[in-house]
Colleague: 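For reference, the structure I am asking about is given below.
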Amino acid sequence: MVAAGILVFRDDESLRVGERIGGELLQAIEKSKIYIPIFSTNYASSHWCLRELAYMVECASKSNGNKEILPIFFDVEPVDVKLKTNLYRQNLSQIQNTFRTEVKSWEKALIDVGKIKGWNLKKDEGQGNLIQSIIQAVLAKLNVGYKNVTEHLVGVDDRVDAIIKMLDVKSDSVQFLAIHGMGGVGKTTLAKVVFNRLSSRFQCSNFLSDVRESSERHGVVYLQKQLLSKFLDSRSVNQIHDADGGINMIKRVLSNKKVLIVLDDIDEEKQLKSLAAKENWFGSGSRIIVTTRDKSVLKIDGEPTGEGPLKSADISTYEVQEMEFHHAFKLFSRHAFRRDSPPDDYVSLSKKVVSTLGKLPLALEVTGSSLSSKSKEFWVDTLKKLGKAPSKEVQKTLMITYERLDDAQRQVFPDIACFFVNEDKTYPFYMWDDCECFPNNAIEVLCLMSLIKIKDDNTFWMHDQVRDLGRAIVREENFKDPREHSRVWNHREAPSIPKAKEVATKLKVLDLSNCEYLMRIPDLSTLVSLERLILEGCRNLIAIDPSIGKLKLLTTLNLKGCDSLQELPEEIGCLQALTEIVMPNTLLELPRTFGNLRSLLTLDVSHRLISKLPYSIGGLVKLRRLNLSGCTMIEELPDSFGKLQSLVELDLSLTSLGHLPDSIGNLEQLKILRMTRISQITKLPSAIWLMEKLEELDASRCYHLTGEISNEIGRLSCLRILDLSYTGILKLPTMLSYLSNLQMLKLESCPELKQLPRFPSSLTCLKWTLDSDESYEGMRFAQGSALPTIISPPLKLAERVEFRRSMHFLPQVGSSLRELELGNLLIESWNFSNLKNLSTLRLASCSMPAFGSNWLRSMTRTEDTSIELVVKRSRHSEMYGREVLPIVLDLSPMKNLQEFHGKDVRPIEIEKVKEAQSRTMSKAKERGRSLESLADTSDLHLECSTVERCKRLLNRDSYCKCHDNRGPGFTARDHAGFEAEAESSSYCLCENQLRVRLH
């Protein structure tokens with residue numbers, strides 16, 4: 001009964017045994033509409049059962065027919081209950097003395113109930129059918145329209161529980177919930193089970209089935225009458241003559257009733273508007289459940305909030321996903337074998353069928369039933385058919401959604417089904433846009449109708465059965481002749497198309513991906529309408545037929561994964577419409593005619609064995625992106641390179657270029673130039689300074705790049721990012737300050753750089769470090785090999801260093817600086833007062849003898865901003881004679897400090913301003929020890945603070961404030977885990993690590 005949605009009170013679970021009539025028991029009996037006493041052989045020996053029975057009879061007699069008793073006679077007869085035999089009379093005589101005042105009423109109750117027609121149940125007889133009969137009778141008495149569901153329910157309990165939780169039936173608000181998903185996924189079944197579970201908790205309920213079909217056949221007025229038929233007599237219902245009249249009657253009848261209504265298979269907004277348009281149509285606590293394939297119909301008006309448009313009501317949505325494989329396998333087995341698993345000799349076949357059906361419940365039920373008691377030969381044939389198209393019944397269900405698509409959407413849908421499942425959606429968009437299929441609109445509609453999904457990696461997902469439907473639609477264009485198909489995706493059919501005498505004039509896309517045995521592409525000259533040729537994964541392909549040059553409309557050629565293909569035919573240069581070509585990794589050279597591809601937009605030949613580019617490369621007048629990174633055999637670029645006047649992005653990293661041609665200065669549109677790890681480059685060519693639109697120049701890790709950067713760099717007025725890290729440059733020009741758009745300057749591990757010029761006010765990020773462990777071709781950048789200064793020449797470091805000079809190394813920087821990273825430097829003093837926007841400061845292995853509160857006080861700002869300070873000591877360098885930080889670090893002036901990380905450093909202590917001076921000397925004695933004490937931080941307004949691995953610090957937990965307000969980034973390991981680790985080891989991973997988060 002519980003599974004059927006009936007709220008049951010049982011004295012062995014819901015109520016305390018031995019309780020007197022009153023309290024919870026009294027309420028349970030008084031609130032119940034139906035009483036089902038089960039009379040067994042020892043029933044009359046229990047005074048508790050007799051007392052309950054007497055109160056049931058009393059409540060039923062006073063209810064004016066609204067309460068009813070339905071007895072079950074379990075191994076007893078009605079005559080026994082009516083006290084016409086000795087069975088119950090002997091029991092009553094035994095308790096006569098103890099319950100003298102109550103026995104008379106118990107005898108009357110037994111006799112009255114014994115006269116009521118009930119059910120006779122015997123121990124040794126089957127009980128299943130009788131139990132179902134009882135449930136149906138109870139549901140009928142409760143006036144509940146119990147919905148029949150399949151007896152083979154599998155894997156629905158968790159889903160039903162989730163939906164019921166979302167409905168929150170204890171809330172008094174009116175709530176709408178939509179169960180949505182593709183056709184055949186089990187939406188209606190879930191809605192029926194939920195309805196059966198909950199309907200008894202509402203005053204009235206109605207399950208309106210097949211709304212879509214009923215609307216098509218009879219109209220919305222018919223649906224309105226069906227909805228009200230459970231709440232009104234037929235005479236009242238027949239007074240509805242139009243939709244407006246139906247709406248008025250729905251509001252009038254249901255606005256004061258707590259109702260449960262299910263509208264199954266809604267497919268148009270007007271259906272919902274005519275049946276359940278607003279929350280105020282229904283009484284407090286009502287629940288409206290909608291099942292649909294199309295989420296776009298879910299628009300419900302909420303309560304008016306004043307002038308202006310009506311606020312939309314919130315509709316909770318539950319998307320029905322495909323079944324788990326083990327549930328799908330069990331469901332299929334129940335229909336195919338009438339058991340939970342198949343016989344051993346059918347296990348393998350059954351798994352293949354379930355996998356082919358894509359775990360769609362409707363397909364599993366239909367196919368399983370059709371295979372029941374059939375031979376293995378029949379199974380094998382069915383499996384082959386399923387590989388090409390869904391079964392007729394499944395196809396019919398899925399076609400309902402397809403038929404609602406417009407012409408453009410009907411073009412996009414089979415394209416995805418045939419070619420783009422699990423493929424990136426970017427490139428098909430170009431094709432659909434050119435074909436005027438309005439891809440953004442089409443994709444949104446297909447998603448709303450549950451035909452596709454866009455996964456997190458921007459690729460298409462489509463259920464296997466929906467995919468097979470799309471392909472079946474294409475096959476039906478001409479079932480026998482693939483030449484008449486608008487799309488070909490099967491590699492077995494593809495070879496026959498180019499050989500056909502009659503031209504396949506409609507073919508626009510040919511996808512031969514992963515054709516393992518395809519070695520040569522045959523004559524393609526007949527495919528005059530072809531726009532996309534996809535050969536990805538044809539790993540044994542060794543040659544492309546020269547006829548490819550006749551494909552004048554071809555825009556995309558995908559050769560990715562063609563690992564046996566080493567060259568392209570010269571005729572490739574005839575593809576005037578080609579905008580994209582994806583190259584195989586094994587390509588050895590580009591054909592001489594390659595530069596004739598005047599429509600090509602992107603060329604990526606990175607990490608190929610190409611040794612040179614053809615002189616014709618300059619003919620790629622529309623090329624915007626060129627990636628040559630990792631082409632280690634390319635030693636020079638042709639002079640025609642400068643003719644690539646549309647080029648925006650160029651990557652020359654990891655090539656063997658010894659120089660760049662002067663013509664590169666003609667690349668007037670170039671915005672990004674990457675030339676990292678070019679070992680032969682010794683200086684930046686002057687032609688670079690002619691690229692006045694250049695925004696990013698990355699020459700990092702050009703280890704032999706030396707000398708001074710030319711003042712001509714000042715011409716690059718658009719430059720935003722300059723990276724010269726891991727180079728041997730000596731000097732930056734003063735003209736650097738004229739780069740008014742420069743935002744990021746990276747100078748990591750530049751050991752020969754002795755001074756810095758003034759920076760432009762636009763600079764937001766500066767990274768300057770001198771430590772490095774990198775080796776390259778015999779050149780070693782030693783840690784701390786030089787310390788830059790604008791006062792004195794660099795100091796060479798031997799095994800140990802003592803700093804005897806103050807080094808004011810940092811020039812004046814603009815107030816726009818947000819990120820500053822410095823490494824392996826002696827910082828005697830500097831003024832941060834103008835750095836109003838600094839948010840991140842990283843100091844690695846910097847010695848700071850005067851690092852106290854003064855500079856921090858200069859960083860105090862009034863703006864509502866935050867700052868992150870990271871100070872660490874490099875594990876790979878030793879800096880003798882100085883401490884990385886002072887013993888006392890006063891952070892109190894930094895009112896906007898958000899995070900402070902002190903890692904691998906000597907003792908750090910946070911002090912309040914008033915305590916700073918008094919504690920300085922006392923803590924100096926603790927230099928080099930682990931942190932033993934921490935000042936009061938109670939007035940720092942910490943959002944979160946943690947103290948980790950500070951083994952000697954007492955009362956560590958008192959400083960960990962995020963125990964009370966723990967954010968998503970902190971776990972138990974942030975505290976207990978690290979402390980346990982420290983306790984279990986005599987070596988602390990870092991002497992002290994203090995992490996503080998503040999507002």
Colleague: So which heavy atom on V174 is nearest to which on G283, and how close?
Modeller: CG2-O, 3.4 Å

Colleague: Look at the rings of F329 and F325 and say which category their plane angle falls in: under 30° parallel, 30 to 60° tilted, over 60° perpendicular.
Modeller: parallel

Colleague: D233 and S236: side-chain hydrogen bond (donor to acceptor under 3.5 Å, both in side chains), yes or no, with the steps?
Modeller: CA-CA 6 Å; D233 55 42; S236 299; 2.9 Å; yes

Colleague: Do D80 and F73 touch side chain to side chain, with heavy atoms closer than 4.5 Å?
Modeller: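 When only atoms from C-beta onward are counted, F73 and D80 do not touch, as no gap falls below 4.5 Å.
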
Colleague: So do the side chains of E319 and H180 get within less than 4.5 Å of each other, counting heavy atoms only?
Modeller: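 The answer is yes; the side chains approach within 4.5 Å.
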
Colleague: Are any non-hydrogen side-chain atoms of K33 and E68 less than 4.5 angstrom apart?
Modeller: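 They are not in side-chain contact.
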
Colleague: Is there a donor-acceptor pair under 3.5 Å between the side chain of N206 and the backbone N or O of Q226?
Modeller: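 Checking the backbone N and O of Q226 against the side chain of N206, a donor-acceptor pair under 3.5 Å is found.
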
Colleague: Could you pull out the closest heavy-atom pair between I69 and I116, with the gap in Å?
Modeller: O-CG2, 3.6 Å

Colleague: I'd like to know if the side chain of K187 reaches the main chain of M182, judged simply by a donor and an acceptor atom lying under 3.5 Å from each other, with no hydrogens or angles considered.
Modeller: yes

Colleague: Do any N or O atoms from the side chain of K82 and from the backbone of K115 form a donor-acceptor pair under 3.5 angstrom?
Modeller: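 Side chain of K82 to backbone of K115, a donor-acceptor pair under 3.5 Å: no, none is there.
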
Colleague: Can you pull out every side-chain hydrogen bond (donor to acceptor under 3.5 Å, both in side chains) where at least one residue sits in residues 247-266? Sequence neighbours excluded, please.
Modeller: T188-D264, R212-D265, D264-T291

Colleague: Between I34 and L70, is a side-chain contact (heavy atoms from CB on, under 4.5 Å) present by the stated rule, with each step listed?
Modeller: CA-CA 7 Å; I34 294 177; L70 303 177; 3.8 Å; yes

Colleague: Do the ring planes of F176 and F282 sit parallel (below 30°), tilted (30 to 60°) or perpendicular (above 60°)?
Modeller: perpendicular

Colleague: Looking at Q175, is its backbone amide N or carbonyl O close enough to the side chain of E279 to form a donor-acceptor pair, meaning the two atoms are under 3.5 Å apart?
Modeller: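 Absent.
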
Colleague: Enter the distance from I400:CD1 to E216:CD here, rounded to the nearest 0.5 Å.
Modeller: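 Here the interatomic distance stands at 8.0 Å.
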
Colleague: How close do F231 and S205 get, counting heavy atoms only, and between which atoms?
Modeller: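 Result for this residue pair: CE2-N, 3.8 Å.
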
Colleague: So does K104 have more than 12 non-hydrogen atoms from other groups sitting under 6.0 Å from NZ?
Modeller: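 Check fails, neighbour count at 12 or below.
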
Colleague: Answer yes or no: is there a donor N or O on one side and an acceptor on the other, between the side chain of R159 and the main chain of Q321, under 3.5 Å?
Modeller: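 Yes, the answer is positive, given that a donor and an acceptor are paired below the 3.5 Å cut-off.
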
Colleague: Please name the pair of heavy atoms, one in A276 and one in I288, separated by the smallest distance, quoted to 0.1 Å.
Modeller: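 For A276 versus I288, the nearest heavy atoms are CB-CG2, 4.1 Å.
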
Colleague: So do I111 and V81 actually touch side chain to side chain, heavy atoms under 4.5 Å?
Modeller: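 Side chain of V81 against side chain of I111, heavy atoms only: no contact under 4.5 Å found.
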
Colleague: Hey, does L190 have a side-chain heavy atom less than 4.5 Å from the side chain of V320?
Modeller: yes

Colleague: More than 12 non-hydrogen atoms from neighbouring residues, nucleotides or ligands closer than 6.0 Å to NZ on K453, yes or no?
Modeller: yes

Colleague: Give the ring-plane orientation class for F195 versus F207, where under 30° counts as parallel, over 60° as perpendicular and anything between as tilted.
Modeller: perpendicular

Colleague: Apply side-chain contact (heavy atoms from CB on, under 4.5 Å) to the pair L228 and M249, showing each step before the final yes or no.
Modeller: CA-CA 8 Å; L228 290 169; M249 187 169 289; 3.7 Å; yes

Colleague: For L53 and Y35, run side-chain contact (heavy atoms from CB on, under 4.5 Å): C-alpha distance rounded to whole Å, both residues' side-chain angles, the deciding distance at 0.1 Å, then the answer.
Modeller: CA-CA 9 Å; L53 181 67; Y35 309 113; over 6 Å; no

Colleague: Counting distance only, does the side-chain N/O of S61 pair as donor-acceptor with the main-chain N or O of E58 below 3.5 Å?
Modeller: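 Yes, the answer is positive, given that a donor and an acceptor are paired below the 3.5 Å cut-off.
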
Colleague: Roughly how far apart are E268 CD and T292 OG1, rounded to 0.5 Å?
Modeller: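 Answer rounded to 0.5 Å: 10.5 Å.
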
Colleague: Please confirm whether the backbone N or O of W48 pairs with a side-chain atom of E52, one donor and one acceptor, at under 3.5 Å?
Modeller: no

Colleague: Quick check against the 3.5 Å criterion: does S46 have a side-chain atom that pairs as donor or acceptor with the backbone of Y43?
Modeller: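 A pair under 3.5 Å: no.
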
Colleague: Can you tell me how far apart CZ (R338) and OG (S369) are? Round to the nearest 0.5 Å.
Modeller: 5.5 Å

Colleague: Do S40 and N42 get their side chains close enough for a donor-acceptor pair, meaning under 3.5 Å?
Modeller: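 N42 and S40 do have a side-chain donor-acceptor pair below 3.5 Å.
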
Colleague: Compare all side-chain heavy atoms of I289 with those of I261 and state whether any distance is below 4.5 angstrom.
Modeller: no

Colleague: Aromatic ring centroids of Y346 and F337 under 6.0 Å?
Modeller: yes

Colleague: With side-chain contact (heavy atoms from CB on, under 4.5 Å) as the test, would you mind laying out the steps for D267 and R404 before giving the verdict?
Modeller: CA-CA 9 Å; D267 74 333; R404 296 191 62 229; 3.8 Å; yes

Colleague: Above 12 or not: heavy atoms from other molecules or residues under 6.0 Å from CZ of R217?
Modeller: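 Incorrect, the count does not exceed 12.
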
Colleague: Hey, could you give me the NZ/OG distance between K192 and S209, rounded to the nearest 0.5 Å?
Modeller: 6.0 Å

Colleague: Should L223 and L263 count as side-chain neighbours, where that means a heavy-atom distance under 4.5 Å?
Modeller: no

Colleague: Quick one: CG on L92 to CG on N86, what's the gap to the nearest 0.5 Å?
Modeller: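 Interatomic distance, L92 CG to N86 CG, rounded to 0.5 Å: 11.5 Å.
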
Colleague: Sub-3.5 Å donor-acceptor pair from the side chain of S286 to the main-chain atoms of V259, do we have one?
Modeller: yes

Colleague: Nearest 0.5 Å, what's the NZ-CG distance between K330 and D340?
Modeller: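 These two atoms lie 4.5 Å from each other.
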
Colleague: Taking the side chain from D242 and the backbone from G245, do they hold a donor-acceptor pair closer than 3.5 Å?
Modeller: yes

Colleague: Any chance CG of N238 has more than 12 other-residue heavy atoms, nucleotides or ligands included, within less than 6.0 Å?
Modeller: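 Yes, enclosed.
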
Colleague: Side chains of V290 and L177: does their closest heavy-atom pair fall under 4.5 Å?
Modeller: no

